[in-house]
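What follows is a structure written as structure tokens; I'll ask about it next.
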Amino acid sequence: MTNLLCCVAFLISLFSSPNIAFASPLEAEALLKWKASFQNQTKNNLTSWAYHSKANTMPCNVWTGISCNTAGSVNRINLTNSGIQGTLYEFPFPSLPNLEYIDLSLNQLFGAIPSQISSLSKLIYFDLSYNQFSGKIPPEIGLLNNLQVLHLIGNQLNGSIPREIGKLKFLNELALQINSLEGPIPASLGNLSNLAVLYMQDNYLTGSIPSYFGNLKNLTMMYLFTNQLSGSIPSELGNLKSLVELCINDNSLSGSIPISLGDLTNLTVLYLFENKLSGVIPKEIGNLISIVELVLSQNQLNGSIPTSLGDLSNLEKLYLRDNQLSGSIPQEMENLMKLTVLQLDTNNFSGYLPQNICRRESLQIFTAYNNHFIGPIPKSLKTCKSLVRVSLQGNQLTDNISEDFGAYPNLRFVDLSHNNLHGEISQLWGQCPQLATLRIAGNNLTGRIPPEISHATQIHELDLSSNSLVGVIPKDFGRLTSLVKLMLNGNQLWGPIPSEFGSLTDIEYLDLSTNKFSESIPGIFGNLLNLYYLNLSNNKFGQEIPFQLGKLVHMSQLDLSHNSLKGKIPSEMSSMQSLEKLNLSHNNLTGLIPTTFDGMHGLNDIDISYNQLQGTIPNNKAFQNARMEGNNGLCGNVGGLKPCNHYVEHKRTSKKAFLIIFPILGALLLAFLVFGLIDRRRRSRKKSQEIEQGNMHESFFSIINFDGRKMYGEIMKATNGFDAVHCIGMGGQGSVYKAKIPSGSIVAVKKFHQTLDGEEASRKEFLNEIRALTQIRHRNIVRLLGFCSSSHHSFLVYEYLETGSLAAILSNENEAKKLDWSTRVRIVKGVAHALCYMHHDCSPPIVHRDITSSNILLHYDYEPCVSDFGTAKLLNPDSSNWTALAGTYGYVAPELAYTMKVTEKCDVYSFGVLALEVIMGKKLGDFISSFSFPSTTYANILLKDALDQRLPPPTPQLQDEVVTIARLSVACRHSHPQSRPTMLMVSQMLSFQTASSYGGLDDITLEQLITI
């Protein structure tokens, strides 16, 4: 009897326990109800979620992402990167009372965070990062008394930070970055005594930094950068003795740097740049014995550099640029044995540079441009083998640069322009194997250009302009096949242009103006197909303008003025459809201006003055404001020119001719009208018959000598009426077919879908693509051959790019290995140049709206082409440019989800995602999901480990370009559109900034790339 009572008591206690094992079926049903609310039932990773009565198929055992406690109740849900698209409105908060851990990051969840979250009283870890949640953070989160980790990174949350979060006394990590949070930081956060990590960067927070933060004695990381915080830095931050990283840059903080920051002896990183801080750098900063990176750039600091900075024995990076600092550089700076980066640019420094600034040859980056430094370049700098980047331009340095400079194994960038340097160019520059940029413009250099400089075959930019150099251009320059930008203008160079220049096929910018070059302009310039800027003015070139220049279809500015050119203007020049500025003035050109210039709609600045041209000026808007004086034979309806009256006769003769000719013309006109009416009726009857027979294909159009009607029949035959056998790709707007036409050419045909409900939208997309592609011509934009719009089919005919899409190649293990680092850099540059052209050279600007790796097609040599303009939008400055959401998930700018306003910055964001995908070899979400640890450890993953591991590490000369791409991807993916660079800035940085001032592959972490 006693045993029976014991069993009954045990059963009663068992069934009354909140952790009863039999709760799982109820929890399973609740979870399945939540899953049923998802919008993508077949495209998520929850196929294992199915309820069965057998114990071994309960959630605790086999359901993806579900774990249970010993009593069989669900206590962990980890569904990070599971492809879920839905909301939390059906999430069973009350039905899961034992939940301790929730990770739903990297999905497509949207809507608000429900206030029912407060029912999860045992919750310890809560992560909703990188979704599309909107609305406010519910104040009920403050009721989660056991919460230790709260991550809401990378959503669209707005409103203020609830002060109730200050009640979470066990909170260890608070990460709210990359949202649209606004208002002041609640002072209640100062109550979080256990807080170790505080991330609130990239929001719109205002007000001051609470002085109560001085109570967070366990805080190790504080990131508040890129907000709108103002006021002074509270001196109470000096109480945070555990602080390791303090980043409060990119705000509007003012006042002086508190001397109390000198008490943070564990601090390794201090970022205060891009604020409005003033006053002097306190000498107490010299007490930061653990500091590794000190960045005080872009403020209003004044005074001199305190000598105490020489005591920072662990300092590796010191950035002081863009302030109002003055005085000389303390000699004590020579004690910084670990210093790798020193930036002193754009201040008021004067005096001599420290002679032993590179004592241990650790210095890699030294920039001190736009100051008032005088005297020689430090001898230790001249022999510092560790140097990677040196920028000393815009000072008053006096030195003989033909002496002491040697071979630098790692040097990639050097700019000594605009000083008072003299001597000859050292031939030892040719012994710098990694050298990509050499600028020594605006000095007093003499002598000849040494041919040995051509041994530095990696040079991308060479600027020796505005000196006193003499002699001829060495023929060895033909070896510099990596040259993109060459400036030799403003010297006394003579002779002909060497024919070896024909090898410089990558060159984009060439300035040889204001020299003494003679003979003729070589026709080989027509082979330099990447040229967009060519200036040969103020020389002694003779003969005719070579017609081969017409092949330079990307040319934007061409200046041949102040020479002795003669003959006619070649009609082939009208093929230069990208040309905006043309100067042919002060030559001896004769004849008529080609009538083909009528079609050069991009021209906006023309100078043909002081030649011997004659005849009618072209019917082109640019010629209405052109400079044309000094050409007595020109005529036209433009101020300053005489009218073109080619048949001025005596009044009586004119009247007599009129009386004879007018009746004849009248009779001819009447006959034409009669025959036209008869022919019109005949064609009308024929058209009616064809419509009745169903054989009429109307609205054929053509481009580039493309016969629409003929091509229609050829394509229908080549694709067997668009048979699926010929289909090579499918998308949301249409299908792409491969067609071999009778001429032997292979073309790609994009046939748009025809749907009943979406007929008007499909038609609109078709016309959008037509409007966009007929206006743009660029080597990195797919070429449109023709198009057809009929009652049966609407399709586009493109050039066929045999290599396929970038997405397909990156996803193929073998093919991806063929995309080496040099090729990948070229792909990113090509896409950037194309978008720059669309945004800045087209009127109105064109926004693509769907820049993805699937829409980047590759030529046989992997040259990229942007394709698929079905969602493109022409930005009309007179319209609001509001639109329906378009684009591909993962590439779409976050602001489009809630503003729906299209700007060029939408493409900039997508480009940033694409650029990162190219160097990582996979999409960002796919890359992050390949790691099993939480995001807090991303700081330990270096960029070199995040790069595509299918390739060997990039060579030293390519590392800087890869780093630049990584940094630009961060800037382009900024959550605030106005903070993103323009594609013009991106294009220029990729073209001309060949060395990074931010460090190398070991200086960037995955965390920096994804937490933007």
Does the D907 side chain pair with the main chain of E904, one donor and one acceptor, at a distance under 3.5 Å?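 No, the answer is negative, given that no donor and acceptor are paired below the 3.5 Å cut-off.
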List for me each residue that meets ring-ring contact (aromatic ring centres under 6.0 Å, His included) alongside H839, sequence neighbours excluded, and say none if there are none.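 Per chain and number, H839 pairs via ring-ring contact (aromatic ring centres under 6.0 Å, His included) with no residue.
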Is a side-chain N or O of R627 found less than 3.5 angstrom from the main chain of S609, in a donor-acceptor match?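 Side chain of R627 to backbone of S609, a donor-acceptor pair under 3.5 Å: no, none is there.
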Exam field: side chain D506 to backbone L483, donor-acceptor pair closer than 3.5 Å: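 Checking the backbone N and O of L483 against the side chain of D506, no donor-acceptor pair under 3.5 Å is found.
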State, yes or no, whether a side-chain contact exists between D559 and L534 at a heavy-atom distance under 4.5 Å.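 Sidechains of L534 and D559: no contact.
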When you compare the side chains of Q343 and R321, does any donor N or O come within less than 3.5 Å of an acceptor on the partner?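 A pair is found: one side chain offers a donor N or O, the other an acceptor, under 3.5 Å apart.
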Within the side chain of R824, is there an N or O that forms a donor-acceptor pair under 3.5 Å with the backbone of I919?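 Looks like no, no N/O pair under 3.5 Å.
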Exercise: identify the closest heavy-atom pair between P981 and A971: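 Heavy-atom minimum between the residues: CD-O, 3.5 Å.
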Thinking salt bridges, do R448 and E424 make one under a 4.0 Å N-O criterion?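 Salt bridge: no.
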Could you check I781 against M838 for side-chain contact (heavy atoms from CB on, under 4.5 Å), going step by step and ending with a plain yes or no? CA-CA 9 Å; I781 297 176; M838 291 164 55; 3.8 Å; yes
Whether the T367 and D345 side chains hold a donor-acceptor pair (N or O, under 3.5 Å, no angle test) is what I'd like checked.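 Indeed, the side chains of T367 and D345 share at least one donor-acceptor pair under 3.5 Å.
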Under the salt bridge (Lys or Arg N to Asp or Glu O under 4.0 Å) criterion, do K379 and D399 qualify, and how do the steps go? CA-CA 11 Å; K379 188 175 182 63; D399 205 347; over 6 Å; no
Check step by step if side-chain contact (heavy atoms from CB on, under 4.5 Å) holds for N444 and S468. CA-CA 6 Å; N444 302 311; S468 299; over 6 Å; no
Between N419 and L421, is there a donor-acceptor pair closer than 3.5 Å when you use the side chain of the first and the backbone of the second?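 Side chain of N419 to backbone of L421, a donor-acceptor pair under 3.5 Å: no, none is there.
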What is the distance from atom CG of N323 to atom CG of L344, rounded to the nearest 0.5 Å?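 Between N323 CG and L344 CG, I get 10.5 Å after rounding to 0.5 Å.
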Report yes if the side chains of L416 and I377 come closer than 4.5 Å at any heavy-atom pair, otherwise no.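 Yes - at least one pair of side-chain heavy atoms lies under 4.5 Å apart.
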Report the residues that fulfil ring-ring contact (aromatic ring centres under 6.0 Å, His included) with F273, sequence neighbours left out, ordered by chain and then residue number.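 Here the qualifying residues are Y271.
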Between L493, I473, V470, which is the residue that forms a side chain to side chain contact (heavy atoms under 4.5 Å, CB included) with N515?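 The option that passes is L493.
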Pairwise side-chain contact, Y369 with D415, heavy-atom cut-off 4.5 Å (strictly under):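 No; the side chains remain at least 4.5 Å from each other.
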Could you tell me if the side chain of F366 sits less than 4.5 Å from the side chain of V341, heavy atoms only?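 Not touching, per the 4.5 Å side-chain cut-off.
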Dump the intermediate steps for side-chain contact (heavy atoms from CB on, under 4.5 Å) on L469 and T446, then the final yes or no. CA-CA 5 Å; L469 301 173; T446 56; 5.9 Å; no
Quick one: CD1 on I608 to CG on N583, what's the gap to the nearest 0.5 Å?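 Spacing of CD1 (I608) from CG (N583) equals 10.5 Å.
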Considering non-hydrogen atoms only, spot the tightest contact between S297 and L320 and give its length.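 Taking every non-hydrogen atom into account, OG-N, 3.8 Å.
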Surrounding CZ of F547 (heavy atoms of other residues, nucleotides or ligands, distance under 6.0 Å), is the total greater than 12?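 Check fails, neighbour count at 12 or below.
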Any heavy-atom pair between the side chains of D960 and V962 that's under 4.5 Å?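 When only atoms from C-beta onward are counted, D960 and V962 do not touch, as no gap falls below 4.5 Å.
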Quick check against the 3.5 Å criterion: does S578 have a side-chain atom that pairs as donor or acceptor with the backbone of V553?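 Confirmed, S578 side chain pairs with V553 backbone.
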What is the minimum heavy-atom distance between T481 and S503, and which atoms define it?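 Distance-wise, the nearest heavy atoms are CG2-O, 3.7 Å.
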Checking S426 side chain against L428 main chain: does a donor-acceptor pair fall under 3.5 Å?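 Yes, because the side chain of S426 sits within donor-acceptor range (under 3.5 Å) of the backbone of L428.
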Expected output: side-chain D463 to main-chain S465 donor-acceptor under 3.5 Å: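 Judged by distance alone, yes, a pair lies under 3.5 Å.
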Side-chain contact test, heavy atoms from C-beta onward, threshold under 4.5 Å: evaluate it for N563 versus I521 and give yes or no.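 Side-chain contact under 4.5 Å: no.
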Check the pair R479 / E500 against salt bridge (Lys or Arg N to Asp or Glu O under 4.0 Å), numbers first and verdict last. CA-CA 8 Å; R479 298 177 56 185; E500 287 77 6; over 6 Å; no
Check for a donor-acceptor pair, side chain of D820 on one end and backbone N or O of K817 on the other, with a separation under 3.5 Å.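 No; judged by distance alone, with no hydrogens or angles, the pair does not exist.
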When rounded to the nearest 0.5 angstrom, what is the spacing between CD in E461 and CE in M487?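 Reported value, rounded in 0.5 Å steps: 4.5 Å.
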L488 side chain near D511 side chain, heavy-atom distance below 4.5 Å: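 In short, these two side chains do not touch, never coming nearer than 4.5 Å.
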Quick one: closest heavy-atom pair of N443 and N420, and the distance?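 Between these two residues, the closest heavy atoms are OD1-N, 3.5 Å.
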Can you tell me how far the CG atom of N489 sits from the CG atom of L486, to the nearest 0.5 Å?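 Here the rounded value is 9.0 Å.
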Name all residues meeting the salt bridge (charged side-chain N to carboxylate O under 4.0 Å, His left out) criterion together with K385; count only those two or more places apart in sequence or in a different chain, and write none if there are none.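 Partners of K385 under the salt bridge (charged side-chain N to carboxylate O under 4.0 Å, His left out) test: none.
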Hey, could you give me the NE2/CG distance between H455 and L480, rounded to the nearest 0.5 Å?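 Reported to 0.5 Å precision, the distance equals 10.0 Å.
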Could you verify whether a donor N or O on one side chain and an acceptor N or O on the other, from S987 and H833, lie under 3.5 Å apart?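 Yes, because at least one side-chain N or O of S987 sits under 3.5 Å from a partner of the opposite role on H833.
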For Q355, is there any backbone N or O sitting under 3.5 Å from a side-chain donor or acceptor partner on S380?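 A pair under 3.5 Å: yes.
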Salt-bridge criterion met for E863 and R826 (N-O under 4.0 Å):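 Salt bridge present between E863 and R826.
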For K566, does the NZ atom sit with more than 12 other heavy atoms under 6.0 Å from it, leaving out its own atoms?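 It does not: K566 NZ has 12 such atoms or fewer within range.
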Which word best sums up how the rings of F501 and F525 line up, parallel for under 30°, tilted for 30 to 60°, or perpendicular for over 60°?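 Geometry flag for F525 against F501: tilted rings.
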Side chains of S417 and R439 in contact at under 4.5 Å (non-hydrogen atoms):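 Sidechains of R439 and S417: in contact.
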Evaluation steps, ring-ring contact (aromatic ring centres under 6.0 Å, His included), between Y532 and H554: CA-CA 5 Å; Y532 72 84; H554 301 306; 9.6 Å; no
How far does OG1 of T383 sit from CG of L387, to the nearest 0.5 angstrom?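 Separation between the atoms: 9.0 Å.
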When the ring planes of Y837 and H778 are compared, do they come out parallel, tilted or perpendicular, using 30° and 60° as the limits?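 The arrangement is tilted - the two ring planes meet at 30° to 60°.
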Where G423 and S402 come nearest, the two heavy atoms and their spacing: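 Nearest heavy atoms, G423 then S402: CA-OG, 4.1 Å.
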Given side-chain contact (heavy atoms from CB on, under 4.5 Å), test L397 with I374 step by step and report yes or no. CA-CA 4 Å; L397 299 172; I374 60 174; 5.9 Å; no
List the atom of P433, the atom of P409, and the distance in Å for their closest heavy-atom pair.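 Result for this residue pair: CG-O, 3.9 Å.
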